[in-house]
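Report on the structure given below.
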There are 2 protein chains.
Amino acid sequence: MKKNILIVEDHELTRFGLKTTFEDVDFVGVIYEAASAEEALEIFKNNSIDIVIMDLGLPNMNGIDATQAIHEINKETKIIILTSHNDEKEVLNSLKAGANAYCSKEINLQRLVNVVQSVADGAAWFDPSIAHIVLQATAKSDVGEPNTNYKDYDLTAREAQILKLMTEGYSNMEIAQHLVISVNTTKAHVASILQKLEVDDRLQAALKALKYKIV
Amino acid sequence: MKKNILIVEDHELTRFGLKTTFEDVDFVGVIYEAASAEEALEIFKNNSIDIVIMDLGLPNMNGIDATQAIHEINKETKIIILTSHNDEKEVLNSLKAGANAYCSKEINLQRLVNVVQSVADGAAWFDPSIAHIVLQATAKSDVGEPNTNYKDYDLTAREAQILKLMTEGYSNMEIAQHLVISVNTTKAHVASILQKLEVDDRLQAALKALKYKIV
DNA sequence: ATAATAATAAACTATAAGATGTAATTAAAT
DNA sequence: ATTTAATTACATCTTATAGTTTATTATTAT
């Protein structure tokens, strides 16, 4: 199964280097070249392309927008960012846009070929210069902790409902109107919530609710 | 610069296969072997190890805990998870624990060698079977929006400081004590904060501060 | 110098919040 | 069928907590 590659890179020299590198690789089929994002989209729409190697610093439409556009057309296409930019924002925005790998231009060519091949198979790869950004971002991702860590404070349905509204910043009056009950009732519920959550006031209740993903 | 590798794997067969694979690789120095997490930690503490290849399904202490323990001892050590588990929780918890790469045991040996080498250089690599988990997690990561999207409400340093304390659920009295100023002063600052954030009360202020990552 | 901004504070007000007790309604248990 | 417990609901009360306003001093910029 040969893979067709689209190289998006405005500098002819680099483009030529890339093309030459991949020409001799056995898993590579047709190699397309684009010097701008616009050209890349045109080529992408009219050909069957498996892998895109994308520079970020392009004239007019930038590489991140191009990545997003391509990703929206075909989510199966693997997009490899190849750039010298390496700040956190660029990296994460690329990934948000749909990139599967992020390479520095300093990369060794043989390694680049390996990366392209494994990314074509579905892997994700991140350059040493930015790997920490990705690792930190995933480490921060909130899986496993939603609620499970702490007790769920057996609130009644109504209490949970009111707590939810509290986390949205509503006053007792507003909550009462929302639920079409008296303010007094709302207050009673709130009092009960405060007790159950073992906090002093509604602010702390709301914060705790958000922190532990109650509601 | 040769790299020393520690293989942590309870099945002798797999361990032997790994060892044999890496024995002939030129960037590899000494290869250590452990059949359990406990043994691995023992070896790790007493030797200079650059790369750990870690199985997740170990007896007693599991691979994730072992990863965490090793990472805490030396954050420079690169840890490659090699496993057949591939559910989201395992993957993300591994990365939280400090892993740098995640491989399936179905991986082609030559590719594994490439992965180990590039991870040794600082790269991050994720197997096709779980790459989407990592990519989604990073895509969700909230970078780019912290503050930048919205105005930063030019709070003064003091105001920001007080807002921070508000987001931790402190009352005006408590804030005053913390900062060793009068409650009245605190109130004045709070009033100013409410105005600048265009909200009605401290609850809303705290919520907004958290949402937009002010403070 | 002068103006503007920030930090501090006191006095004032009020209302919104929270505490407490109780009644009506529903569900579970015997 | 009857009791018990739990949930929802409401009113009254009190106060202290929050927020407003105005003012003084200190710092910084023009």
Side-chain angles (χ1 to χ4, degrees), chain A residues 146-215, chain B residues 146-215:
Chain A
N147 197 1
T148 42
N149 282 355
Y150 284 80
K151 43 186 168 176
D152 66 334
Y153 304 98
D154 41 70
L155 299 174
T156 70
R158 200 88 232 223
E159 287 165 353
Q161 190 179 185
I162 288 174
L163 180 53
K164 167 86 176 143
L165 291 170
M166 282 202 261
T167 64
E168 285 159 19
Y170 292 109
S171 69
N172 286 337
M173 254 302 281
E174 290 168 324
I175 292 174
Q177 283 164 359
H178 265 271
L179 303 182
V180 199
I181 54 179
S182 103
V183 202
N184 308 298
T185 304
T186 307
K187 288 180 179 179
H189 284 301
V190 171
S192 171
I193 292 169
L194 299 185
Q195 265 203 305
K196 288 186 179 174
L197 297 202
E198 295 166 341
V199 294
D200 299 325
D201 52 52
R202 69 202 291 99
L203 207 202
Q204 289 180 9
L207 295 174
K208 193 161 189 174
L210 290 175
K211 185 168 177 192
Y212 297 129
K213 301 233 170 68
I214 315 167
V215 303
Chain B
N147 201 0
T148 40
N149 281 355
Y150 285 80
K151 42 187 167 172
D152 67 335
Y153 303 98
D154 42 67
L155 299 175
T156 69
R158 199 59 159 176
E159 287 164 352
Q161 190 179 183
I162 287 174
L163 180 54
K164 167 86 176 145
L165 291 170
M166 283 202 262
T167 64
E168 285 159 18
Y170 292 109
S171 68
N172 286 337
M173 254 302 282
E174 290 168 324
I175 293 174
Q177 283 164 359
H178 264 273
L179 303 182
V180 198
I181 55 179
S182 105
V183 202
N184 308 298
T185 305
T186 307
K187 289 180 179 180
H189 284 302
V190 171
S192 171
I193 293 169
L194 298 185
Q195 263 203 304
K196 288 185 179 175
L197 298 202
E198 295 164 342
V199 294
D200 300 324
D201 52 53
R202 68 203 290 97
L203 207 202
Q204 288 179 11
L207 295 174
K208 194 162 188 174
L210 290 175
K211 187 169 176 190
Y212 296 129
K213 299 239 169 68
I214 315 166
V215 304

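Chain letters run A, B, ... following the sequence lines, proteins first and then strands; every chain starts at 1.
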Item to complete: Indicate the atoms forming the closest heavy-atom contact of Leu203(A) with Met166(B), along with that distance.
Response: CD1-O, 3.5 Å
Practice prompt. Give a yes/no on whether any side-chain N or O of His189(A) is located under 4.0 angstrom from OP1 or OP2 of dA9(D).
Written response: yes
Worksheet entry | Axis-to-axis angle between the two ends of the helix from dA1(C)-dT30(D) to dT30(C)-dA1(D) (five base pairs per end, rounded to 10 degrees) | 50°
Item to complete: For dA6(C), take OP1 and OP2 only and decide whether either is under 4.0 Å from a side-chain N or O of Ser192(B).
Response: no
Worksheet entry | Closest approach of Ala205(B) to Leu163(B) (non-hydrogen atoms, all atoms of both residues) | O-CD1, 4.0 Å
Practice prompt. May I have the distance from Leu194(B) (atom CG) to dT21(D) (atom C1'), rounded to whole angstrom?
Written response: 14 Å
Worksheet item: Asp200(A) has an atom CG; how far is it from atom P of dA16(C), in whole Å?
Response: 21 Å
Worksheet entry | Between C1' of dA17(C) and CD of Gln195(A), the distance in whole Å | 15 Å
Worksheet entry | Separation of dT5(C) C1' from Glu159(B) CD (nearest whole Å) | 11 Å
Worksheet item: Taking CG from Leu203(B) and P from dT15(C), how many angstroms apart are they, rounded to a whole number?
Response: 19 Å
Worksheet item: Atom CD of Glu174(A) to atom C1' of dT15(C): distance rounded to whole Å?
Response: 14 Å
Practice prompt. Tell me which nucleotide among dA10(C), dG18(C), dG19(D) gets nearest to the side chain of Ser182(B).
Written response: dA10(C)
Fill in: Closest non-hydrogen atom pair between Glu168(B) and Leu207(A), with its separation
C-CD1, 3.9 Å
Discussion item. Assuming nearest nucleotide by heavy-atom distance, tell me which of Lys187(B) and Ile181(B) is located more 5' along DNA chain C.
Written reply: Ile181(B)
Practice prompt. Walk me through it: do His178(A) and Thr186(A) pass the test side chain to side chain contact (heavy atoms under 4.5 Å, CB included)?
Written response: CA-CA 10 Å; His178(A) 265 271; Thr186(A) 307; over 6 Å; no
Discussion item. If the cut-off is 4.0 Å, is Arg202(B) near the phosphate of dA18(D), judged by side-chain N/O to OP1 or OP2?
Written reply: yes
Worksheet item: If you look at every strand shown and take non-hydrogen atoms under 4.0 Å, does Val183(B) touch a base, only sugar-phosphate, or nothing?
Response: nothing
Worksheet entry | Closest non-hydrogen atom pair, Lys208(B) against Leu197(B) | NZ-O, 2.9 Å
Discussion item. Rounding to an integer number of Å, can you tell me how far Met173(B) CE sits from dG19(D) P?
Written reply: 16 Å
Worksheet item: Hey, does the side chain of Thr156(A) come within less than 4.0 Å of dA6(D)'s phosphate (OP1/OP2), counting only N and O?
Response: no
Worksheet item: Side-chain N or O of Asn172(B) less than 4.0 angstrom from OP1 or OP2 on dA18(D)?
Response: yes
Worksheet item: Any sub-3.5 Å donor-acceptor pair from Glu174(B)'s side-chain atoms to Tyr170(B)'s backbone N or O?
Response: no
Worksheet item: How many Å lie between CD on Gln204(B) and C1' on dA18(D), as a whole number?
Response: 14 Å
Worksheet item: Does a nitrogen or oxygen in the side chain of Thr185(A) sit under 4.0 Å from OP1 or OP2 of dC10(D)?
Response: yes
Discussion item. I'd like to know if the side chain of Glu159(B) and the backbone of Leu155(B) have a donor-acceptor N/O pair within less than 3.5 Å.
Written reply: no
Discussion item. Strictly below 4.0 Å: does Asn184(B) bring a side-chain N or O up to OP1 or OP2 of dA9(C)?
Written reply: no
Worksheet entry | Candidate nucleotides dG19(D), dA17(C), dT8(D), ranked by approach to the side chain of Arg158(A) - the nearest | dT8(D)
Worksheet, complete the sentence: Correct closest heavy-atom pair for Met173(B) and Val183(B) would be SD-CG2, 3.5 Å
